[in-house]
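So the structure is just underneath, and the comments pick up after that.
Computation of the quantities below employed the complete heavy-atom set of this structure, encompassing side-chain atoms and omitting hydrogens, waters and symmetry-equivalent molecules. In the text below, chain A, chain B and the rest are named by the order of the sequence lines, each starting its count at 1. Here the structure is a predicted model, which is why all the values come from computation and not from measurement.
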Amino acid sequence: MYTQALLLLPLVGFGVAFLLQGTVKRSPAIVKTWAMLGFAAIAAVAALAGAEIGTLYEGPTVFGSVLTYGLTDLSWWFVLLIAGITALTTVFTLGSLRYADDYPMYYAWLFAKVFGMIGLVMSRDLLSFFIMWEIMSWATYLVMQQGRDESRKAAQGYLVYAISAGMILLGGVVFLRTASGSFEFAVITKFVAGADLGVIITAIVLVLVPFLIEAAVYPTHGWLPSAYASSETTMTAYLSSISTRMGLFGLILFVFNVFGLDVIDRIGISAHLNLRTLLLVLAALTAVLPTYTALFQHDAKRLLTWHSIGQGGYMLLGLATASTLGTAGGLMHIFNYMTYVALIIFSIAAVEYRTGTTNLNKLGGLITRQPVAFLGMLFGIIGLAGIPPMNGFVSKWFIYRSLILGGYPFVALAAFIATVGTIMSVYKLIHNTFLGQLPERYNEVREVGWVMQLPIWVLMAVVFATGVFPGTILQWIARIQVELGIAPIAYTLGGVAQEAGDLNMMVITLVFTLTFIVGAVIFFMGGKRRIVSQYDNYAAGHFLNKDVPYNFNYNFYSAFDHIFEKLYHAAPVQSTERNLGRLVATVGEYIRRFFTGQINTYAAYYVAAVIIALAFLKEVL
Amino acid sequence: MVSPMLFIIAPLSAAFIMILFNSRVIALGLSLLVPIGLAWLGLSWLPYTLGAAQPILVASIPAPLGIPLSIDALGAGMAILVAVSAALVVLYSSSYMKKGHHEVRYYTVVMILLTSAFGLVLTRDIFNLFVFFEILCISSYILVSWEQDGAALEASFKYMVLGSIGSTFLLVSIALVYRVAGSLAMADVATALATAPRGYVAFAAVTFLFGVGVEAAIFPVNTWLPDAHSSAPSSISAILSGFVIELALVVAFRVLNTAFAAVDTLPLVRVVAIAGVIVGEMAAFGQKDLKRMLAYSSISQIGIMLFAFSLGTQAGAQAGLQHLLMHAGAKSALFLIAGYFIVRTGSRLIADYAGLGHRMPVSAALFGFAALSLVGAPPLLGFFTKFQVLSAAGAAGGFTAWLGVAVILFGTVLETVYLFRVLRVLFAPAASGSPARADMDWPALAAVALFTALVVFGALLLPTLSQMIGPMADGLASLL
Amino acid sequence: MISTAQILYITSFALIVIGLYAVLSQRNLIRVVIGLNIADVGINLLLVTIGYVEGGRVPIFAAGQSAGTMVDPVPQALVLTAIVIGFGVTALMLTLVMRIYAHHGTVDASRLRGLKW
Amino acid sequence: MRKLTGLLLMGGFVLYLVSLVPGLFNATTPTALDSVGAAIIEDSRTTSGSANVVTAIVVQYRGLDTLGEVTVLFVSALGVAILASGFRDDVFRSMFADDDGGFILQYGGRLLMPFIVLVGVYIVAHGHLSPGGGFPGGVLIATAVFILILTGQSARMPHRLLSILEGAAGLGFIGLGALGFLGSELSFLTNTLPKGEYLTLLSAGFIPFIYAMVGIKVASELTTVVSVLTEAPGHESGKEEGRS
């Protein structure tokens with residue numbers, strides 16, 4: 001009942017938004033309100049649908065098999081995340097979106113995307129999974145390509161990756177269907193368990209590679225930064241927070257449920273060098289490299305999109321350990337990352353709404369002008385950097401611990417290195433936006449309206465609350481773990497209790513708060529502070545005035561940049577990707593020469609074809 | 001029941017009447033009414049043909065002395081497709097073709113082309129097939145040269161030379177077959193060739209394949225296609241890409257698969273098909289001329305259909321026919337819309353269409369839908385047909401089948417990229433202000449919308465269709 | 001001992017091959033058309049040859065004449081059709097060559113490459 | 001290079017021709033028919049009533065082919081007319097002999113014309129009795145016009161009349177064929193007319209009538225082909241001035 005509604009509502013929303021498109025120019029508010037109500041309804045239904053976990057529904061019959069869908073614990077979790085973040089995003093767009101001129105189809109495509117994602121996580125057979133996967137890819141493309149010219153270009157890049165992924169997946173679907181004779185997950189599981197190693201490897205490669213591409217796991221992440229960064233800013237938040245995780249959902253579903261862990265572990269040279277090791281290595285690379293690439297970015301959105309790749313690496317790290325703690329960390333990190341990245345980007349969007357730019361070299365000092373946005377970003381980056389008491393700390397702690405306990409010290413080291421990079425880059429982010437010198441042109445900047453503040457406040461509360469009381473989230477995680485066939489995590493309200501050391505966030509938060517209070521007391525009691533004009537100041541040995549800008553804003557990490565610049569520009573992945581594109585174009589160019597336009601040549605092809613065909617048949621006879 | 005001979009008589013008479021009265025109204029009216037009537041005729045015959053093929057007696061002389069004709073499910077289905085497409089293209093032409101510019105003659109030639117298309121579907125006699133094939137070719141030559149500019153003349157000439165080589169080989173094949181079989185009826189040919197020397201049959205089969213293959217645009221005798229389909233008026237491109245090559249393909253494959261069944265030509269056909277897919281997509285990838293790009297895409301789509309047929313299974317044949325239906329709708333729509341793009345901008349180059357989507361929003365949107373279906377985005381019809389082809393290939397198994405799957409998937413990526421490059425240009429921000437909306441004229445728009453509706457909502461028809469596609473697919477392996 | 005049929009078969013295929021060779025190798029469009037016509041003639045000869053019977057008579061009954069040995073009338077009917085079709089195509093092709101000449105000022109195939117790639 | 005490739009390719013073709021179809025080139029001439037032709041020779045007298053078996057096949061047994069053949073001619077004549085109408089300049093005139101043939105040729109041609117037409121009509125009418133029929137007859141009739149043009153007396157052709165003749169003759173063919181729907185077999189192109197007395201002019205049912213239609217059609221189409229090529233549009237007036 002609610003399950004059907006979950007699929008139906010986005011479709012209805014899409015239809016209405018599509019039809020309302022004609023009225024966009026005259027009254028954008030109508031469409032915005034409609035969309036917000038629609039997404040709120042979806043979120044409400046998503047919450048209610050929890051009652052229907054485990055029930056299977058049958059859809060239309062295609063190719064002689066029934067499309068099945070239904071909710072599991074895992075998919076309900078994802079449905080909640082999707083519905084929640086969409087609703088929040090839509091509320092934010094009520095204020096922020098310059099809708100009518102640049103984005104006439106914004107909400108229609110968004111509804112389509114939500115339909116695709118919800119459909120994807122609710123699919124209970126391979127065919128409907130693939131159909132929804134494709135709908136989601138196309139809708140993502142449509143969402144991305146709106147607006148400016150550069151976003152269309154970047155979206156084209158995404159499309160190439162997404163369609164390649166889709167076609168590989170289609171190959172996998174056809175292969176599994178042919179081999180197992182069915183689209184049903186249960187049949188496939190049984191078939192794979194008894195299949196030859198060659199068949200398993202083919203199936204796994206064909207099915208998992210698309211997920212790795214969609215999850216932007218190194219080295220298939222090339223599409224993500226431009227595509228996300230050039231989208232409309234709230235859409236960047238939306239895409240970074242949930243869209244990329246659909247690939248991860250596919251991985252979880254197929255690795256744990258459809259193929260099964262033991263089948264996955266059969267692939268490899270030894271017990272320690274197997275497919276999971278490969279995944280761990282890829283995940284570590286994904287966590288480290290993009291994080292340091294982020295340091296070089298001068299655009300707030302682009303900086304964060306690199307983090308959405310890197311944080312995906314963390315999630316994969318946790319999941320690939322396949323241990324209780326690791327999967328809990330991975331699954332929780334999906335939620336945590338979603339909340340704080342949305343928070344950060346909303347803050348950036350709030351800044352962009354007032355200043356019109358996200359260029360880190362041009363912003364600065366906005367803390368006095370947009371305090372709410374500052375607070376939002378502060379909460380967000382504390383979470384992103386994995387510092388208590390925000391929720392990012394909990395999941396990262398799980399992941400580190402699982403890596404150490406699972407016997408992956410080098411991977412754990414990589415994770416730590418990545419965290420250093422994260423902290424460095426988020427500091428750049430908040431410093432260049434809110435701290436330092438306020439450029440004169442932003443003197444008149446005000447805080448955004450309450451509609452846009454609302455999602456920021458909500459997310460701040462969530463980031464903090466789930467940080468202090470991770471047990472609220474962990475109870476769902478434990479249920480999902482049972483479903484995935486992993487021993488559920490022994491959670492408490494404040495964290496976990498286990499023999500190898502437990503975690504209680506409530507205590508940590510208490511300590512933190514006390515320390516903070518002590519520090520504040522010392523600060524306010526002891527020091528004499530004086531508020532001066534920003535030009536009555538000095539930095540790095542020289543005084544600041546209107547003509548001498550606070551030059552740390554430019555080349556924030558210039559020394560660091562100087563050391564690693566060469567490495568960054570080598571960017572092996574991008575050049576491989578470019579070369580691949582060039583190769584296809586060149587080969588295409590040569591093949592085109594086949595059509596010479598010369599009638600004698602064409603006639604010669606003709607006779608040659610006849611001769612070759614005759615030779616072929618003569619061989620066969 | 002009305003005799004299916006009407007399929008041949010009606011459009012031919014219509015052509016003669018048009019030339020007799022030389023009036024635009026009569027020509028337009030007849031060329032709309034005749035296909036609609038024939039579509040109805042096909043529909044009314046379809047139920048009777050699902051069970052068994054219905055032979056048609058000509059001149060009261062049964063085969064082998066006379067010319068055997070027969071209407072089976074495949075024939076009825078193809079006839080309906082041809083008639084409906086033709087009616088829609090004529091509707092489009094009524095606003096697209098320049099008034100007075102040989103307009104009556106244009107419709108006359110279209111009617112002749114229809115005659116031959118129906119004739120090809122019905123005939124079960126290899127020489128009669130040759131005659132209808134020639135009518136089809138000649139009327140296509142004329143229609144391709146319609147614009148009479150340098151490109152059209154050149155394209156038409158190349159087409160004509162290759163077509164003539166094709167008919168040369170086809171006649172060689174027919175002569176060789178008649179020498180052994182002593183009869184021209186396909187059923188007799190099949191029995192006679194079963195005992196004939198294999199080399200002899202192989203030679204006849206290859207010359208037949210490449211003889212008819214010219215019109216069916218199989219690789220590598222399709223070199224005329226990009227020139228011809230891009231230089232013809234867009235309505236004609238839609239006819240040629242929409243059903244002429246498909247029809248020729250079905251006819252060629254059916255005869256090859258039945259009359260020449262004595263040698264197994266399927267591996268050969270499969271290789272040819274896969275080569276066609278990859279060459280077509282690769283060549284389309286770098287195109288700057290929209291219609292030429294669509295024409296190359298037709299080459300690869302034909303390859304996909306032929307690949308499906310060449311699997312030699314019932315599932316493959318069904319998948320191929322469904323894909324054929326999808327391609328007919330999608331490619332017709334794309335060409336027809338491209339025609340109006342050219343009318344509005346005066347250019348064939350994609351780069352000149354920047355921001356055209358704002359001037360022609362409905363047309364551009366329809367273009368997008370048709371393109372989506374062509375590349376097989378679910379839940380549009382194209383996805384289901386392409387999936388059927390792939391799973392039929394998987395079921396057939398073997399190296400070349402899986403190779404074909406890989407090539408089709410790779411081709412799809414390329415196809416998506418180049419078709420969406422067009423869409424990106426179309427919806428680029430308009431260069432100056434917002435120009436007045438100038439969508440297609442309503443008859444054209446109606447025609448295109450119907451084609452697009454087929455490929456967008458066609459998936460809903462699939463359950464109904466699949467009951468008919470089965471017997472139709474059997475038709476590919478039967479000569480009754 | 002070479003039979004009549006052998007001579008005719010060899011001749012007809014020789015004509016076809018010569019005609020196709022002309023299409024393959026000649027740049028002059030008129031020569032290409034002529035080549036196709038030569039191939040056409042070869043095929044017509046091939047068809048008639050197939051219907052040939054040793055000592056066969058024209059398949060026309062005359063008053064007071066028995067049937068006797070007649071050559072196969074079917075290929076003859078086919079040839080009749082093939083000739084007419086060949087005529088139609090040739091007429092169209094030559095007109096087109098004229099138009100091409102009027103438009104491009106050349107009948108050289110290698111210069112007629114406005115459409116390629 | 002091109003010639004070498006051509007030679008190689010044709011050589012390859014011949015190679016495979018000889019190796020795959022060896023039976024063709026060491027065949028002895030058959031002495032008896034074993035094809036469908038033999039059956040038709042047996043059958044044609046009763047079924048068609050035509051003494052000329054080839055005619056019987058062309059018009060009746062394979063009448064559909066002939067209808068197609070007529071259509072080919074029709075459509076290619078139409079094509080030639082369409083293409084010829086596009087001549088904008090004097091190209092064709094300069095390619096085609098433009099000087100008039102002189103008094104003797106002109107009057108000789110005019111004198112000959114009725115006889116040629118008469119022969120043509122004769123050949124058309126006797127298609128079922130002797131070699132000939134609609135196609136050669138029609139061509140002969142067109143030749144009469146062609147001679148007029150060759151001798152430089154291209155009177156303006158009545159194009160409208162020609163196309164009416166084309167259309168009407170085509171419809172006549174179909175109409176005669178459609179008479180078959182009146183018979184019991186309900187079959188297109190059935191020879192329903194009375195067969196008459198064997199070996200006489202009015203025999204063989206509808207064959208002479210169909211051939212008459214074919215003759216009219218072929219004659220008018222060939223005339224169209226020849227005349228449109230000599231009358232480039234816009235040159236009539238100039239031509240007349242040049243003549244006088």
Rounded to the nearest 0.5 Å, how far does CD of Glu134(A) lie from CZ of Phe387(B)? 11.0 Å
In Å, rounded to the nearest 0.5 Å, how long is the span from NZ of Lys386(B) to CE of Met167(A)? 6.5 Å
So for Phe420(B), is it side chain, backbone, both, or neither that comes closer than 4.5 Å to the heavy atoms of chain A? both
Given that the side chain runs from C-beta out, which part of Phe203(B) has a heavy atom under 4.5 Å from chain A: side chain, backbone, both or neither? both
Top residue by heavy-atom pair count (under 4.5 Å) with chain A, among Thr207(B), Leu209(B), Leu372(B)? Leu372(B)
So which heavy atom on Val413(B) is nearest to which on Val160(A), and how close? CG1-O, 4.4 Å
Quick one: are Val272(B) and Phe616(A) in side-chain contact, heavy atoms under 4.5 Å? no
Please classify the contact of Ile408(B) with chain A as side chain, backbone, both or neither, using a heavy-atom distance under 4.5 Å. neither
State whether the number of non-hydrogen atoms from other residues, nucleotides or ligands found under 6.0 Å of Phe18(A) atom CZ is greater than 12. no
Shortest non-hydrogen pair, Ile165(B) vs Ala603(A), comes out as CD1-CB, 3.7 Å
Considering all heavy atoms of both residues, which atom of Thr412(B) and which atom of Ile163(A) are nearest to each other, and what is their separation? O-CG2, 4.4 Å
Part of Ile131(A) lying under 4.5 Å from any heavy atom of chain B: both
Relative to chain A, which segment of Val263(B) carries a heavy atom at a distance below 4.5 Å: side chain, backbone, both, or neither? side chain
By a 4.5 Å heavy-atom criterion (distance strictly below it), what part of Pro226(B) contacts chain A: side chain, backbone, both, or neither? side chain
Between Ile135(A) and Pro378(B), which heavy-atom pair has the shortest distance, and what is it? CG1-O, 3.5 Å
Check against side-chain contact (heavy atoms from CB on, under 4.5 Å), Thr416(B) and Tyr141(A): CA-CA 12 Å; Thr416(B) 313; Tyr141(A) 165 72; over 6 Å; no
Portion of Val584(A) that has a non-hydrogen atom of chain B nearer than 4.5 angstrom: both
Between Gly171(A), Ala179(A), Ser164(A), which has the largest tally of heavy atom pairs under 4.5 Å with chain B? Ser164(A)
Look at Lys153(A), Arg593(A), Gln145(A), Met132(A) and state which one has the largest set of heavy-atom pairs under 4.5 Å with chain B. Lys153(A)
When you look at Val375(B) and Trp138(A), which way does the side-chain contact (heavy atoms from CB on, under 4.5 Å) test go after all the steps? CA-CA 12 Å; Val375(B) 300; Trp138(A) 284 105; 3.9 Å; yes
State whether the number of non-hydrogen atoms from other residues, nucleotides or ligands found under 6.0 Å of Glu58(A) atom CD is greater than 12. no
Could you tell me whether the side chain of Ile299(B) reaches within less than 4.5 Å of the side chain of Phe595(A), counting heavy atoms only? yes
Distance check, rounded to the nearest 0.5 Å: Leu170(A) atom CG versus Phe383(B) atom CZ? 6.5 Å
Only pairs of heavy atoms separated by less than 4.5 Å count here; which of Phe157(B), Phe410(B), Phe285(B), Tyr296(B) has the most with chain A? Tyr296(B)
Heavy atoms only: give me the nearest Phe594(A)-Pro220(B) pair and the separation to one decimal. CZ-CB, 3.8 Å
Side chain, backbone, both or neither: which part of Leu127(A) has a heavy atom under 4.5 Å from chain B? side chain
List the atom of Val587(A), the atom of Met282(B), and the distance in Å for their closest heavy-atom pair. CG1-CE, 3.7 Å
Tell me, do Tyr602(A) and Val161(B) make a side-chain contact under 4.5 Å, heavy atoms counted? no
Please classify the contact of Phe384(B) with chain A as side chain, backbone, both or neither, using a heavy-atom distance under 4.5 Å. both
Rounding to 0.5 Å, atoms CG (Leu268(B)) and CD (Glu619(A)) come to a distance of 13.0 Å
Assess whether atom CD of Gln314(B) is packed by more than 12 heavy atoms of other residues, nucleotides or ligands within 6.0 Å. yes
Can you tell me how far apart OG1 (Thr202(A)) and CH2 (Trp402(B)) are? Round to the nearest 0.5 Å. 9.5 Å
When heavy-atom pairs shorter than 4.5 Å are enumerated against chain A, which of Thr223(B), Leu414(B), Val405(B) gives the highest number? Thr223(B)
Side-chain (Lys158(B)) to main-chain (Gly597(A)) donor-acceptor, under 3.5 angstrom: yes
Identified side-chain contact (heavy atoms from CB on, under 4.5 Å) partner of Leu617(A) from the options Val201(B), Thr265(B), Asp264(B): Thr265(B)
Bottom line for Leu462(B): the part with an atom under 4.5 Å from chain A's heavy atoms is neither
Tell me if the centroids of the rings in Trp224(B) and Tyr606(A) come within less than 6.0 Å of each other. no
Can any side-chain N or O of Arg424(B) pair as donor or acceptor with the backbone N or O of Gln156(A) at less than 3.5 Å? no
